[in-house]
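Heads up, the thing below is written out as structure tokens.
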Amino acid sequence: MKYWLLKSEPEVFGIENLKNLPNATEHWDGVRNYQARNFMRDEMRCDDQAFFYHSNCKVPGIVGIVEIVREAYPDFTAFDPDSAYYDPKSSHDKPRWFMVDVRFKREFSRTISLNELKEYAELQEMPLLRRGNRLSVMPVASDQWHFILSLLD
DNA sequence: GCCAACGTTGGC
DNA sequence: GCCAACGTTGGC
């Protein structure tokens, strides 16, 4: 099983939104970066777990955990001219963008902020902490995953 | 294939 | 709202 980190802007779609949906499940649409897409399409598998990260907000950080419940399939928002994620270069025949389905698993008792994550030597290699990082889907090493969870108690 | 211009991300 | 960092686009 692999571990991941998924970024989302809470003003657009936060963990509260996911939690309150039927089955607490939603498709993870709008990924428009090739590297992020490749992770999702080629490596993400059912039952993988992912940190839910809130970005572009007052306190950016990890707020909970989701699990992957459906593997990559074409991102239909790319086909919709009315969608903010519309991409005329993506077609049903040759979809360019993909999404997975995620299900809410856990909300942390507190946000593990980006500032806090930066403090730990154990996490210095996380792609999240690399300067100028903009990936919205990225892998998390198993030892980093467990280290972060150990911060909660 | 180079690279300048442009658009986006996301912390601050 | 600013702006650094980065990805993409398109002229050549």
Side-chain angles (χ1 to χ4, degrees), chain A residues 2-21 26-44 48-68 71-141 143-145 147-152:
Chain A
K2 285 200 170 78
Y3 299 107
W4 304 94
L5 182 144
L6 299 172
K7 286 185 192 172
S8 187
E9 302 187 21
E11 303 256 319
V12 179
F13 186 79
I15 196 164
E16 296 289 334
N17 301 104
L18 180 63
K19 190 168 70 170
N20 292 321
L21 286 171
E26 183 62 297
H27 47 269
W28 199 263
D29 61 21
V31 172
R32 296 292 180 270
N33 169 283
Y34 289 107
Q35 200 181 350
R37 178 204 67 183
N38 292 347
F39 280 136
M40 261 193 342
R41 186 189 58 187
D42 304 336
E43 297 191 42
M44 224 176 237
D48 282 0
Q49 295 187 58
F51 286 133
F52 198 119
Y53 180 92
H54 281 174
S55 68
N56 206 8
C57 56
K58 196 162 184 181
V59 183
I62 299 170
V63 295
I65 294 176
V66 301
E67 62 183 337
I68 310 305
E71 293 177 10
Y73 59 104
D75 183 340
F76 51 76
T77 64
F79 306 140
D80 176 6
D82 294 329
S83 169
Y85 299 124
Y86 178 57
D87 181 355
K89 292 175 183 163
S90 188
S91 66
H92 285 84
D93 284 348
K94 278 191 125 185
R96 173 174 296 202
W97 305 113
F98 290 80
M99 56 188 175
V100 298
D101 287 356
V102 302
R103 182 192 295 140
F104 172 84
K105 186 153 189 189
R106 173 179 177 190
E107 184 171 15
F108 293 161
S109 52
R110 64 184 185 87
T111 298
I112 305 178
S113 70
L114 177 62
N115 274 338
E116 179 178 353
L117 294 170
K118 286 176 179 168
E119 292 174 9
Y120 303 109
E122 290 89 338
L123 303 178
Q124 291 313 301
E125 300 305 314
M126 285 186 83
L128 179 72
L129 303 184
R130 274 208 295 267
R131 201 167 64 112
N133 164 69
R134 288 165 52 182
L135 266 187
S136 61
V137 177
M138 69 186 83
V140 176
D143 53 350
Q144 293 165 348
W145 177 274
F147 177 81
I148 290 167
L149 286 182
S150 76
L151 300 172
L152 287 168

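Computed from a predicted structure; not experimentally measured.
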(request) Determine, stepwise, if the pair A:S136 / A:Y53 fulfils side chain to side chain contact (heavy atoms under 4.5 Å, CB included). (result) CA-CA 9 Å; A:S136 61; A:Y53 180 92; over 6 Å; no

Under 4.0 Å between a side-chain N/O of [X] and OP1 or OP2 of [N], yes or no?
X: A:K89; N: C:dT8; result: no
X: A:K7; N: B:dG10; result: yes
X: A:Y53; N: B:dT9; result: no

Spacing of [X] atom [atom1] relative to [N] atom [atom2], expressed in whole Å:
X: A:E11; N: B:dG10; atom1: CD; atom2: P; result: 15 Å
X: A:F13; N: B:dG10; atom1: CZ; atom2: C1'; result: 19 Å
X: A:E9; N: B:dT8; atom1: CD; atom2: P; result: 13 Å
X: A:L128; N: B:dT9; atom1: CG; atom2: P; result: 16 Å
X: A:N133; N: C:dA5; atom1: CG; atom2: C1'; result: 10 Å
X: A:D87; N: C:dT9; atom1: CG; atom2: C1'; result: 13 Å
X: A:M138; N: C:dC6; atom1: CE; atom2: P; result: 13 Å
X: A:N33; N: C:dT8; atom1: CG; atom2: C1'; result: 11 Å

(message) Tell me whether the NZ or CZ atom of A:R41 lies within the 45° cone about the ring axis of A:F98 and under 6.0 Å from its centre.
(response)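 Yes, cation above the ring, under 6.0 Å and within 45°.
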
(message) Among A:Y34, A:F79, A:F76, A:Y73, exactly one meets ring-ring contact (aromatic ring centres under 6.0 Å, His included) together with A:W97. Which residue is that?
(response)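 The option that passes is A:Y34.
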
(request) Map A:Y34 and A:N56 onto DNA chain C by nearest heavy atom, then report which one ends up closer to the 5' terminus. (result)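 With A:Y34 and A:N56 compared, the 5'-side residue is A:N56.
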
(request) For residues A:Y86 and A:D82, determine if any side-chain heavy atom of one lies less than 4.5 Å from a side-chain heavy atom of the other. (result)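 When only atoms from C-beta onward are counted, A:D82 and A:Y86 do not touch, as no gap falls below 4.5 Å.
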
(request) Please determine, by modelled atom types, if A:Y120 and A:E116 share a side-chain donor-acceptor pair under 3.5 angstrom. (result)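 Yes, A:E116 and A:Y120 have a side-chain donor paired with an acceptor closer than 3.5 Å.
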
(message) Quick check for you: among B:dG10, C:dT8, C:dA5, whose closest atom lies nearest to any side-chain atom of A:R131?
(response)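 Comparing B:dG10, C:dT8, C:dA5 against the side chain of A:R131, the answer is C:dA5.
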
(request) Please confirm whether any donor atom in the side chain of A:R134 sits under 3.5 Å from an acceptor in the base of B:dT8, or the reverse. (result)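 Donor-acceptor pair under 3.5 Å: yes.
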
